[in-house]
Amino acid sequence: MGLGMGSVLLAQAPSWNIQADQTKVDFVIKNAGLNVDGNFSEVKAEIRFAPDQLSTSKISAFIQVKSVSTGIGMRDKSLKDTDYFDAEKFPQMTFVSTSIRKAKSGYIASGKLTIKGVSKNVEIPFQFDNEVFSGKLTLDRLDYGVGSSSWIMGDEVKISLRVPVRPL
């Protein structure tokens, strides 16, 4: 193997296994003036990350829409229907990073977020401490066709992520 080839192999960011049973994807949205909390419990991800190898770092995440839970069965059923997430036609949401860069505090993953067949470029600020990725972002649900305009339900959805990992 030539010297150049060995350098490329050494430059690859390491892979991480997510601890799916401890992973949290939580959201909050205003409905009738009150905060409605919920989460998605089925998350898979392919993560290559090292703070000193950001150019070869990559995150791909897959969230099963059917795993949505707000603690109220009728609401959860409604969220899976065609008016909201349309879980039968669009069973998963995905995020695939195109780049990861250092930020003032932590990192920023830029990439494509796809929800209900609509892909948008987003930036997700995150931290990586003690083998845990954590981040927050705010989305407009209408950008992804989740529900329609409503004077009762807010458009803004606040999402928080906590993804414990172990080296592969």
Side-chain angles (χ1 to χ4, degrees), residues 12-29 36-51 53-73 75-103 106-147 155-168:
Q12 287 295 311
S15 293
W16 299 88
N17 267 337
I18 76 163
Q19 305 304 300
D21 60 331
Q22 298 171 37
T23 295
K24 295 183 182 286
V25 176
D26 298 324
F27 63 87
V28 177
I29 186 169
V36 172
D37 300 323
N39 66 71
F40 292 90
S41 59
E42 292 181 33
V43 181
K44 293 183 181 176
E46 297 167 6
I47 301 172
R48 294 184 73 82
F49 179 80
Q53 296 171 320
L54 295 179
S55 66
T56 60
S57 294
K58 185 169 180 69
I59 299 170
S60 298
F62 313 92
I63 299 172
Q64 296 304 310
V65 172
K66 69 178 179 173
S67 72
V68 67
S69 176
T70 62
I72 298 174
R75 180 187 293 146
D76 298 346
K77 184 178 185 303
S78 178
L79 287 172
K80 295 172 195 174
D81 284 344
T82 56
D83 289 343
Y84 291 94
F85 287 106
D86 198 355
E88 192 170 311
K89 186 173 180 183
F90 304 102
Q92 72 181 6
M93 296 180 277
T94 61
F95 172 77
V96 178
S97 70
T98 53
S99 68
I100 299 175
R101 67 183 187 277
K102 183 80 177 112
Y107 306 89
I108 296 176
S110 298
K112 288 233 184 269
L113 176 64
T114 303
I115 300 173
K116 203 174 175 182
V118 177
S119 296
K120 300 273 184 188
N121 291 321
V122 297
E123 292 190 335
I124 303 175
F126 71 93
Q127 306 285 323
F128 182 64
D129 296 306
N130 299 318
E131 296 187 348
V132 176
F133 289 91
S134 58
K136 293 185 178 192
L137 72 149
T138 300
L139 299 175
D140 184 328
R141 66 182 178 81
L142 298 177
D143 287 347
Y144 296 90
V146 178
D155 298 341
E156 191 174 87
V157 181
K158 295 180 181 180
I159 300 164
S160 61
L161 312 161
R162 185 178 187 285
V163 183
V165 294
R166 290 201 178 118
L168 206 115

Hey, are S57 and R48 close enough side-chain-wise for a donor-acceptor pair under 3.5 Å? no

Stepwise side chain to side chain contact (heavy atoms under 4.5 Å, CB included) test for K112 and N121: CA-CA 5 Å; K112 288 233 184 269; N121 291 321; 3.0 Å; yes

S110 side-chain N/O to T98 backbone N/O, donor-acceptor pair under 3.5 Å: no

Taking the six-membered ring for Trp, are F95 and F62 ring centroids under 6.0 Å apart? no

Which heavy atom in V146 sits nearest to a heavy atom in R141, and how many Å separate them? O-NH1, 2.8 Å

Is there a side-chain contact between D37 and F27 (heavy atoms, below 4.5 Å)? no

Looking at K77, I'd like to know if its NZ atom is crowded, meaning that more than 12 non-hydrogen atoms belonging to other residues, nucleotides or ligands lie closer than 6.0 Å. no

Provide the closest heavy-atom pair for R75 versus V36 in the form atom of the first, atom of the second, distance. NH1-CG1, 3.2 Å

Show the atom names and distances, to 0.1 Å, of all donor-acceptor pairs under 3.5 Å that link a side chain in residues 126-140 to residues at least two apart or in another chain.
{"unit_1": "Q127", "atom_1": "NE2", "unit_2": "S105", "atom_2": "O", "d": "3.1"}
{"unit_1": "Q127", "atom_1": "NE2", "unit_2": "S105", "atom_2": "OG", "d": "3.2"}
{"unit_1": "D140", "atom_1": "OD1", "unit_2": "L142", "atom_2": "N", "d": "2.8"}

To the nearest 0.5 Å, atom CD1 of I47 lies from atom NZ of K58 at 12.0 Å

Full working for side chain to side chain contact (heavy atoms under 4.5 Å, CB included) between L79 and T70: CA-CA 10 Å; L79 287 172; T70 62; 3.8 Å; yes

Kindly give the heavy-atom pair with the smallest separation between A13 and Q53, and that separation in Å. CA-OE1, 3.2 Å

Does any N or O in the side chain of S67 come within less than 3.5 Å of the main-chain N or O of E42, such that one atom is a donor and the other an acceptor? yes

N/O donor-acceptor pairs under 3.5 Å from side chains in residues 81-94, not counting sequence neighbours:
{"unit_1": "Q92", "atom_1": "OE1", "unit_2": "Q64", "atom_2": "NE2", "d": "2.9"}

Kindly list each side-chain donor-acceptor pair under 3.5 angstrom involving residues 160-168, sequence neighbours excluded, with atom names and distances?
{"unit_1": "R166", "atom_1": "NH1", "unit_2": "Q19", "atom_2": "OE1", "d": "2.9"}

Nearest 0.5 Å please: distance from the CG atom of D21 over to the OG atom of S41. 11.5 Å

Going by heavy atoms in the side chains, are I59 and I100 under 4.5 Å from each other? yes

Quick one: closest heavy-atom pair of I18 and A45, and the distance? CG2-CB, 3.7 Å

Approximate separation, where rounding is to 0.5 Å, of S99 OG and R101 CZ: 6.0 Å

Looking only at atom types and distance, does a side-chain atom of K116 sit under 3.5 Å from a main-chain N or O of Y144, one as donor and one as acceptor? no

Could you check whether any side-chain heavy atom of I115 comes within less than 4.5 Å of a side-chain heavy atom of L113, counting everything from C-beta outward? yes

Answer with yes or no whether the side chains of N39 and K24 bring together a donor and an acceptor at under 3.5 Å. no

Neighbour count above 12 (heavy atom, 6.0 Å) for K66 NZ: no

If we ignore hydrogens and angles and just use 3.5 Å, is the side chain of K158 paired with the main-chain N or O of V28 as donor and acceptor? no

Taking the side chain as every heavy atom from C-beta outward, state whether E46 and S15 have any atom pair closer than 4.5 Å. no

